[in-house]
Amino acid sequence: MNATTPPSLTCFTLNTSNHVAHLVLNRPEAMNTMHPLFWRELDAALTHIHKTGEARVLVISSTGKHFSAGMALETFGSGIAMDDQSPEGRAAIFDLLTDMQATFTKLETLRIPVIAAIQGGCIGGAVDMVTACCLRYATADAFFCIQEINIGMVADVGTLQRLPKLLPLAVVKELAYTGRRLPAARALGYGLVNEVFDSAEAMLAAAMQCAAEIAAKPPVAVWGSKQAIHYARDHSVDDALRQMGWLQGAIWSNAHVRESVTAMKEKRAGQFPGLTPLKNFSEFGQ
């Protein structure tokens with residue numbers, strides 16, 4: 001598969017229109033559970049979106065009653081071999097988890113914003129997934145559950161690292177220690193979700209509307225905003241201000257500012273260049 005060829009997907013559908021990519025979990029009969037194929041396809045889809053530069057924002061939604069019930073339990077029995085019988089085997093668990101974590105981290109490091117549209121249950125690994133997104137919209141019946149504690153393990157693919165940046169620490173501890181459900185209304189109150197809707201249709205429409213607004217902005221300025229926000233989250237104010245100076249100096253465009261102002265005055269959409277398609281170093285010369 002080259003950068004311009006969409007990956008072949010069975011756990012998802014992917015389409016891009018008007019610079020908005022829409023990735024849909026499409027196994028409602030299995031409650032959109034996660035297994036090795038899910039991980040491979042998600043990784044391939046995100047890599048494709050990242051490299052092509054066609055999309056300026058990504059919306060992730062789902063099908064059926066639940067957004068995702070998290071990791072498929074049968075995966076622990078056969079798909080993922082966790083050897084706890086030797087220090088060498090336990091050391092290999094680290095590398096396995098690092099590989100799994102990297103896929104969800106791609107959501108966070110994607111060159112474009114990511115909006116999650118969540119209906120019903122967002123359970124276990126699905127919480128890992130949506131906490132790596134930029135925005136979260138939810139239906140009134142949505143809930144979040146750190147399911148891992150209920151099956152005798154620690155959440156290990158990003159929830160416990162990202163959720164404390166999004167929720168009060170005592171709330172994270174309550175959810176992580178008890179496995180209780182966090183309903184959408186409470187999640188909205190804490191700021192985990194941006195907005196709650198009465199139906200999945202209204203929620204998805206709002207997510208797509210927000211995506212369209214983002215896609216109308218200069219892509220490199222949106223890219224820079226995402227870089228700055230994520231850096232500021234994990235660094236001191238002084239360090240983040242210094243990084244902001246370097247970042248702005250690198251991407252500043254008088255032409256983009258002029259076009260934005262002119263478009264506002266003329267009450268029209270601005271016209272901006274897209275992000276440059278990417279190649280891996282190994283692909284040069286082909």
Side-chain angles (χ1 to χ4, degrees), residues 25 30-36 38-39 42 60 62 65-77 79-85 87 89-108 114 116-196 230 233-235:
L25 285 64
M31 293 194 293
N32 296 297
T33 49
M34 302 172 173
H35 44 71
F38 178 102
W39 242 267
L42 177 61
I60 300 177
S62 191
K65 183 178 180 180
H66 297 295
F67 178 80
S68 172
M71 184 70 80
L73 294 181
E74 63 270 19
T75 300
F76 292 103
I80 297 180
M82 305 284 263
D83 175 14
D84 64 354
Q85 299 305 302
R90 293 189 292 273
I93 295 173
F94 170 87
D95 295 293
L96 174 64
L97 288 176
T98 299
D99 184 53
M100 295 174 67
Q101 291 164 353
T103 295
F104 286 164
T105 295
K106 283 188 176 184
L107 289 165
E108 195 167 58
V114 183
I118 304 156
Q119 88 284 2
C122 182
I123 300 166
V127 178
D128 295 297
M129 182 176 176
V130 303
T131 54
C133 298
C134 298
L135 310 178
R136 285 158 293 277
Y137 289 171
T139 55
D141 68 347
F143 64 88
F144 302 83
C145 176
I146 303 178
Q147 179 73 356
E148 287 84 350
I149 196 67
N150 294 326
I151 59 172
M153 59 178 286
V154 178
D156 54 13
V157 198
T159 289
L160 300 184
Q161 292 68 44
R162 294 187 174 99
L163 207 54
K165 310 285 188 180
L166 301 169
L167 287 176
L169 191 59
V171 176
V172 177
K173 290 180 177 180
E174 173 193 335
L175 300 173
Y177 300 163
T178 67
R180 292 176 180 172
R181 295 180 175 186
L182 177 70
R186 192 175 167 207
L188 177 65
Y190 290 133
L192 177 62
V193 299
N194 296 72
E195 198 167 348
V196 172
H230 285 188
R233 180 192 64 184
D234 299 326
H235 293 79

| said: If you apply the rule side-chain contact (heavy atoms from CB on, under 4.5 Å), what do you find for Ile60 with Phe67, and how did you get there? | reply: CA-CA 10 Å; Ile60 300 177; Phe67 178 80; 4.3 Å; yes
| task | Applying side-chain contact (heavy atoms from CB on, under 4.5 Å), run through Leu160 and Glu148 and close with a yes or a no. | result | CA-CA 11 Å; Leu160 300 184; Glu148 287 84 350; over 6 Å; no
| Full working for side-chain contact (heavy atoms from CB on, under 4.5 Å) between Met71 and Ile151 | CA-CA 11 Å; Met71 184 70 80; Ile151 59 172; over 6 Å; no
| field | Test side-chain contact (heavy atoms from CB on, under 4.5 Å) applied to Leu192 and Val171, step by step | value | CA-CA 11 Å; Leu192 177 62; Val171 176; over 6 Å; no
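Note on residues 123-134: pairs passing side chain to side chain donor-acceptor pair (under 3.5 Å), not counting sequence neighbours, are Asp128-Thr159.
In plain terms, the two heavy atoms of Ile146 and Ala155 that are nearest each other are CG2-CB, 3.9 Å. Considering all non-hydrogen atoms of both residues, Ala69 and Thr33 come closest at CB-CG2, 3.8 Å. Heavy atoms only, all atoms of each residue included: Ala184 and Ala138 are closest at CB-CB, 4.5 Å. The two atoms that bring Gly125 and Phe104 nearest to each other are O-CE1, 3.5 Å, heavy atoms only. The two residues Leu107 and Cys133 come nearest to each other via the heavy atoms CD1-SG, 4.3 Å. A pairwise comparison of heavy atoms in Gly120 and Asp141 identifies N-OD1, 3.5 Å as the closest pair.
Remark: His230 engages no residue in a ring pair (Phe, Tyr, Trp, His ring centres under 6.0 Å) (not counting sequence neighbours). In this view, Asp156 satisfies the side-chain hydrogen bond (donor to acceptor under 3.5 Å, both in side chains) rule with no residue, not counting sequence neighbours.
For the pair Thr105 and Arg162, the minimum side-chain heavy-atom distance is below 4.5 Å. You'll find the side chain of Met34 stays beyond 4.5 Å of the side chain of Leu42, heavy atoms only.
Partner of Phe144 under the side-chain contact (heavy atoms from CB on, under 4.5 Å) criterion, out of Ile123, Val130, Leu175: Val130 alone.
Within 6.0 Å of CZ in Arg180 there are 12 or fewer heavy atoms belonging to other residues, nucleotides or ligands.
Between Phe143 and His66, the ring planes lie perpendicular to each other; the angle is over 60°, past the 30° to 60° tilted range.
Ser68 contributes a side-chain N or O that, together with a main-chain N or O of Asn32, makes up a donor-acceptor pair within less than 3.5 Å.
Atom CE of Met100 is separated from atom CG of Asp95 by 13.5 Å, given to the nearest 0.5 angstrom.
Under the 4.0 Å criterion applied to side-chain N and carboxylate O atoms, Asp234 and Lys165 are assigned as salt-bridge partners.
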